[in-house]
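Below: the structure, in structure tokens.
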Amino acid sequence: MRAVRLPAALLALLAFAALSAWRSAPPAPRGADAPETEFSSARAVEVLERLLSDEAPRTPGSAAHAAFRERLLDEVRRLGLTPETEEGFACSPRGSCARLVNVRTELPGTAGGPTVLLTAHIDSVGAGPGASDDASGVAVLLEAARALLAAPRRNPVLLLFDDGEEDGLLGAELFVRSPRARAIGAVVNLEARGTSGPSLLFETSAENAWLVRSAVSRLPRPVTSSLFAFVYDRLPNDTDLTVYKREGLAGLNLAFLGSAARYHTREDSLANLSRASLQHQGENALALARALAETDLREPPSGRAVFFSVAGAFVVAWPRVAAPAVALLALLLVRLACLRRGGHLLPRPRAVLPSLAPLAAALSGLLAGQLLRALGAFPVTFVPRPWASLAAAVAAGLLAAIPVLSAESRRAGDAVASWERAWTSTALLGLVLALAWPEPSYLLVAPALAAGAARLVLPEPVSPWPGFAASGLVLLPLALILPDALGPVALPVVAAAFGIVLATLPADGTPGAWHRPAVALAALFVAASVAALVFSKPTPDEPEHGTMLAVQEEGTPEARLAYSPASGRLPPSVAAAARFENAPSLLPCASKAAPFAAPLPSVAETFPAAELVSSTPGPERRRRLPLRLPSPRGAGRLELLVPDASGVEEIRVEARPLPAPHLRREPATGRPIRLSLRAAPPEGIVVELTLPAAPREAFVLDETPGLPPSAATLGRSRPATVAPANGGDATILVRKLSL
């Protein structure tokens, strides 16, 4: 085996990176003339334009929310289907409750077996119109249903457009209590955490082997991995699928997450929604629906899978329990290849040491990210055009890796020994991963399988390239997606991935061979860093998140305006508009203080009320305390806060016990009881507490969207590059109670 010249190795690495980016990108949008049995983003956009005619935020209980629901009912009827509404009151384990209206409709099946549930939520946050999150999912389901109606299917398909997802997955909580939920055999949930990018199958239920085999493998352009699900299960994030998995239902989750700066802002609009992302999401949803509609869902087999997509073309999978055996096979193939090429079956001690190149690349990528952050390239977590910082981190990682690889090659003595050291280390680390965490082990095991098999059967000089190619096709698509998912914290991981791929190819280790490539990489790092500083700043199109809250407690002479810019810096135009200071917590029991606050004239509104319905003595000096919480000014959201949660035995909202995890979690962590109540009727909502007889302090809050007139100038002082996020600007009035 001859060593590959380093420039050729770097060019090949960049070529695989370009291929990975191309194959991971969403497909071209389909026009309205696409065949009736196929998904068309153009037809879905026509639906979206009708649904989002006013592009107003759709919080539960608002007029815009009700109008959207009526337009949705019309769209269901337009398909020739009969819509049903499911009204009710639901609470989440985290203490949020609301009156809801779910919309559902069924496509009958020929066999009448368990039902396939396709679901997306109809509500949005208060800061924006939610065109991607999740009106896009609603339109995708309607267009997919139109395509599904073109042919019969074995299993019924139920479309559920659920309510209150943003307030605690409440529509899903309402649905799982209904008799229809008992007929569900599998769930496909649609989400978005941005306005562009590929549709990722990022989450599965635990027993997923049969889902991978029968449905995931049918995706036309798959971008998925068991690593996605492994990581997501360990994050504090939730979607409606969280509720269905808790109830033991099998399920799959799809989302796109590019341009994340627009998430939960005014810029999550129809104009900014990528038609290509909509096309990819629709093709994936339709493929999964068709596959599950033809699968026997009555007794799905158990078992988990290790799986991953390759170049957006197909999915490779093996049983999770077999992961150590597959990893051992990869190591055996590598060692047999070494034996065939004149080496030894058992690795020499120095040959089993992992390469230092990926570690050097990761450390260099970390330092590059910290340098860019210090220079101001990351004023916020998600910035526009993250490609510049990505390129800088990759250049820095490779710049650190190539002298290490050169020294490693010289130490190995020749290209054969270099190949042996690299792939033995890779296979051994893959085996360790397979024993500890099987789901991500494919990242090393799959390339080692390809490298060992190719080296056994292919002639020189071809044999080292298949392992390099497999490593690039497995690692690089994942690495290029990570910045969209995690922001700049992903840069060291991206750099390490490029270092791993480069380390798998025996490169020329002669002194001086790496000097010219190092100069080119240094130039790339400088150019990319400058581009990151110039282009990766918030823009009006992809703004910094900065929400303002006007807060006043009853009995105080003035209100206060809290301002929380994501960058932690007060824009000069805002600083000039009022007398801001570092803010203590303006809200009772707030998890964290807003960094800035300024005085405001009194809001001069009616404060929220708390009416004692009755007080009933309980056993052993305890009492049941029912409170009616109305909002005289018709606020869309109420909160009840009890700072001291000790001794509170039960919470009932509208006569329904709040799920036990709320009580178990809050006192154990020293946090207060916090109930969020959305879409309250004029007469209010009744909350009943069972607690000790001793009096204690509590607070009731109500919240209306927008700032009061006295804060209008402050609201307009934000630069165009800053926008309210999540719940949006709001006015909050607080009344203190003694329970």
Side-chain angles (χ1 to χ4, degrees), residues 91-98 167-168 236 547 549-556 558-562 564 582-595 597 603 607-616 618 620-631 635 637-654 656-678 680 684-703 726-727 730-739:
C91 293
S92 79
R94 295 187 178 181
S96 59
C97 304
D167 286 291
T547 302
L549 300 176
V551 182
Q552 184 170 4
E553 184 174 344
E554 186 181 33
T556 58
E558 65 178 13
R560 302 274 284 169
L561 184 126
S564 302
N582 292 333
S585 177
L586 299 184
L587 292 172
C589 314
S591 57
K592 60 180 180 179
V603 173
F607 284 83
E611 303 167 0
L612 182 63
V613 177
S614 63
S615 182
T616 307
E620 299 182 5
R621 302 184 63 184
R622 310 190 79 74
R623 55 187 172 140
R624 295 185 181 90
L625 191 65
L627 295 171
R628 184 181 302 278
L629 304 178
S631 173
R637 194 176 75 87
L638 299 165
E639 275 197 26
L640 177 66
L641 303 175
V642 183
D644 180 7
S646 61
V648 178
E649 290 184 351
E650 186 181 42
I651 305 172
R652 289 178 174 266
V653 183
E654 293 290 284
R656 294 177 176 82
L658 196 69
H662 185 69
L663 281 175
R664 286 202 301 267
R665 181 178 62 89
E666 301 290 357
T669 58
R671 295 177 182 174
I673 289 177
R674 182 186 300 270
L675 301 180
S676 175
L677 310 171
R678 176 76 76 173
I685 290 177
V686 175
V687 175
E688 182 179 305
L689 306 175
T690 301
L691 70 169
R696 68 181 65 198
E697 185 180 74
F699 299 87
V700 59
L701 293 70
D702 68 4
E703 177 184 309
N726 300 316
T731 301
I732 299 175
L733 300 183
V734 183
R735 170 171 284 175
K736 188 175 181 179
L737 309 174
S738 178
L739 300 182

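Put simply, the side chain of Leu737 reaches to within 4.5 Å of the side chain of Val700, judged on heavy atoms. Annotation: side chain of Ser96 is not in contact with side chain of Arg678 (no heavy-atom distance under 4.5 Å). With contacts defined as side-chain heavy-atom distances shorter than 4.5 Å, the pair Glu703/Thr731 does not qualify. With a 4.5 Å cut-off on side-chain heavy atoms, Leu689 and Arg696 do not count as touching. For the pair Glu554/Lys736, no side-chain contact is recorded, criterion being any heavy-atom separation below 4.5 Å from C-beta on. Put simply, the side chain of Leu675 does not reach to within 4.5 Å of the side chain of Cys91, judged on heavy atoms. Contact annotation: the side chain of Pro608 approaches that of Leu733 to within less than 4.5 Å [non-hydrogen atoms, C-beta and beyond]. Residues Thr690 and Val648 have side chains not in contact (no heavy-atom distance under 4.5 Å, counting atoms from C-beta outward).
Across every non-hydrogen atom of Glu639 and Ser676, the tightest pair is CG-CA, 4.1 Å. Nearest heavy atom pair, residue Phe699 against residue Val734, reads CD2-CG1, 3.9 Å. When all heavy atoms of Pro695 and Arg623 are compared, the closest pair comes out as CA-NH2, 3.8 Å.
Distance check, rounded to the nearest 0.5 Å: CG of Leu701 to CZ of Arg735 gives 11.5 Å. Separation of atoms CD1 (Ile732) and CG (Asp702) is listed at 9.0 Å; rounding is to 0.5 Å. Rounding to the nearest 0.5 Å places CD of Glu611 at 8.5 Å from CG of Leu629. With rounding to the nearest 0.5 Å, the separation of CD in Glu697 from CG in Leu739 is 9.5 Å. Atoms OG and CZ, from Ser631 and Arg637 in turn, are 11.5 Å apart once rounded to the nearest 0.5 Å. Interatomic distance, SG of Cys97 versus CG of Leu640, reported as 10.5 Å (0.5 Å rounding).
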